[in-house]
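To start, the structure under review is shown below, and the notes come after it.
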There are 2 protein chains.
Amino acid sequence: MNDSGEHGEKKRSRRPSQERTAQRDPERTRAAILEAATREFAENGMGGARVDAIAERAGTNKRMLYHYFGDKEQLYLRVLEEAYVGIRTAERALHIGDRSPEEGIGELALFTWRYFLQHPEFLSLLGTENLHRARWLRQSVRLKELHSHLIGELTDVLEQGKKQGVFIETADPLHVYLTIASLGYFYLSNQYTLSTIFGRDLIEPTHLNAWEKHIVHVTLTSIKR
Amino acid sequence: MNDSGEHGEKKRSRRPSQERTAQRDPERTRAAILEAATREFAENGMGGARVDAIAERAGTNKRMLYHYFGDKEQLYLRVLEEAYVGIRTAERALHIGDRSPEEGIGELALFTWRYFLQHPEFLSLLGTENLHRARWLRQSVRLKELHSHLIGELTDVLEQGKKQGVFIETADPLHVYLTIASLGYFYLSNQYTLSTIFGRDLIEPTHLNAWEKHIVHVTLTSIKR
DNA sequence: CCATCAAGTAACTGTTTAGTTACCGGCTTG
DNA sequence: CAAGCCGGTAACTAAACAGTTACTTGATGG
């Protein structure tokens, strides 16, 4: 297209050479590092994660990792932020206010449980971050506003349920959410010690389904009038 | 590097120094290492814990640590075992079968919550062990039989409650225990991220008391007829 | 066609770490 | 008292680690 002397105009490519374009791909390298880091931090925690291991898993090297993310701690924070954005985004799509209050809460419980089940790395990252008393999360400005929406929506649904007379007056939005999250988080994140000491394989589909029903049952009976 | 006088190098001073006899105390040193290790592993996890830090915290040195416990992994397992023995021993003293079924379950819920609250290092060690998929706990023969008692006692109490018509027929002992443990564990172990993202300090006495009541409420309403 | 800059590689560095070794000194016992 | 055992100290070592530097490769604009 452009041949010469066009001043100020960025041109896309003078040569086609499209088959080689994939060689250098900053965006893909960046994404690969982030994904590899997510797995490495989830599997080994902050103290146990190895920068060399992340680079190797991503199919690149340490130089790129430091180039894109600064250092190990900043990379870790990035991983944590992405994990939170992931669940909160999926949660928003639920629109729990569209159904009846009872169905809305049940849906939130089911969603949370299934999201935890499908994203063990998220649970693991939470565990690591709490071991360190939210040392890195606290520094993140980005995540503070992400959660007001959840509590707001939950408050509305509970209000509606109280008006309709199906929920008790003392039902608290934060308590309801913590109840749902507790039951899912503990069962899954502690499945290894629990399975060992109680001699039952908690990850078996039969037990998983029973616990899913249990979570919905417990959550609803605790707020129903 | 050889010494000039072969016998003269070792000297023995024949001082009584009886006031120093307490200096050497194997049992105390051992206990100090175990306690220091508990704190270090709880605060930093397996990957983050430092053997030097444990020795320093115990007021001794690495040589003694390796002498008494073999290596870092065996010391960690020892710490974990002691933590489990601690809670299960205290739990046994409850005798939840002595009261009415409803009171018995309520007592277990209260005990578990308060034990978790007073032993944050236990929660932390559980978290670390689960991060590693119970890698070390699995090797421990000692802990397997420790837990059958808990489930046995719980089964009896539930049976009695069902006979008396106060509990639903579907109430399951493991589910009841997991419910109690979930609600306590998650609230406390994840308090740092939760306080940060929801902008409420969960460790405040007001909130702690509210959650204690909530645990008992949720547990009982979920099994009452 | 060459100057420039970004993507990417690999070897290196200073420090930290788990684990070891050499040694010390008091106590017990034959 | 001497032999040696046991509780204890401190300096050491080899490996692993986070982070850096020197360099190569390739695309692009002038």
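Proteins come first, then strands; the chains are lettered A, B, ... in the order of their sequence lines, and each starts at number 1.
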Between [atom2] of [N] and [atom1] of [X], the distance in whole Å:
X	N	atom1	atom2	value
Tyr68(B)	dT9(D)	OH	P	10 Å
Met64(B)	dG19(C)	CE	C1'	14 Å
Arg28(A)	dA7(C)	CZ	C1'	12 Å
Glu40(A)	dA18(D)	CD	P	9 Å
Ile33(B)	dG7(D)	CD1	P	11 Å
Glu56(A)	dA18(D)	CD	C1'	16 Å
Arg30(A)	dA7(C)	CZ	P	11 Å
Asn61(B)	dA22(C)	CG	P	17 Å

Describe, in one word, how the ring planes of His175(A) and Trp211(B) are oriented to each other, choosing from parallel (under 30°), tilted (30 to 60°) and perpendicular (over 60°).
perpendicular
Only one of His67(A), Arg78(A), Met64(A), Arg57(A) forms a side-chain contact (heavy atoms from CB on, under 4.5 Å) with Ile33(A), so which one is it?
Met64(A)
Do the side-chain N or O atoms of Thr29(B) get closer than 4.0 angstrom to the phosphate oxygens (OP1, OP2) of dG8(D)?
yes
With respect to the phosphate group of dA18(C), does any side-chain polar atom (N or O) of Arg50(B) fall under 4.0 Å of OP1 or OP2?
yes
Counting the atoms with a prime plus P, OP1 and OP2 as sugar-phosphate, which does Ala49(B) contact under 4.0 Å by heavy atoms, base, sugar-phosphate, or nothing?
sugar-phosphate
Ala55(B) near the nucleic acid: base, sugar-phosphate alone, or nothing, with a heavy-atom cut-off under 4.0 Å?
nothing
Assess the side chains of [X] and [Y]: does a donor N or O sit below 3.5 Å from an acceptor N or O?
X	Y	answer
Asn130(A)	Thr193(B)	yes
Trp136(B)	Glu73(B)	yes
Glu121(A)	Thr38(A)	no

Just the table, please: protein N/O against nucleotides 19-22 of chain D N/O, every pair under 3.5 Å.
residue: dG19(D); atom: OP2; partner: Tyr66(A); partner atom: OH; Å: 3.0
residue: dG19(D); atom: OP2; partner: Lys72(A); partner atom: N; Å: 3.3
residue: dG19(D); atom: N7; partner: Lys62(A); partner atom: NZ; Å: 2.9
residue: dG19(D); atom: O6; partner: Lys62(A); partner atom: NZ; Å: 2.4

Using the side-chain hydrogen bond (donor to acceptor under 3.5 Å, both in side chains) rule, collect all pairs that involve residues 107-120 of chain B, keeping only residues at least two apart or in two chains.
Trp113(B)-Glu212(B), Arg114(B)-Glu212(B)
Are the aromatic ring centres of Tyr84(A) and His147(A) under 6.0 angstrom apart?
yes
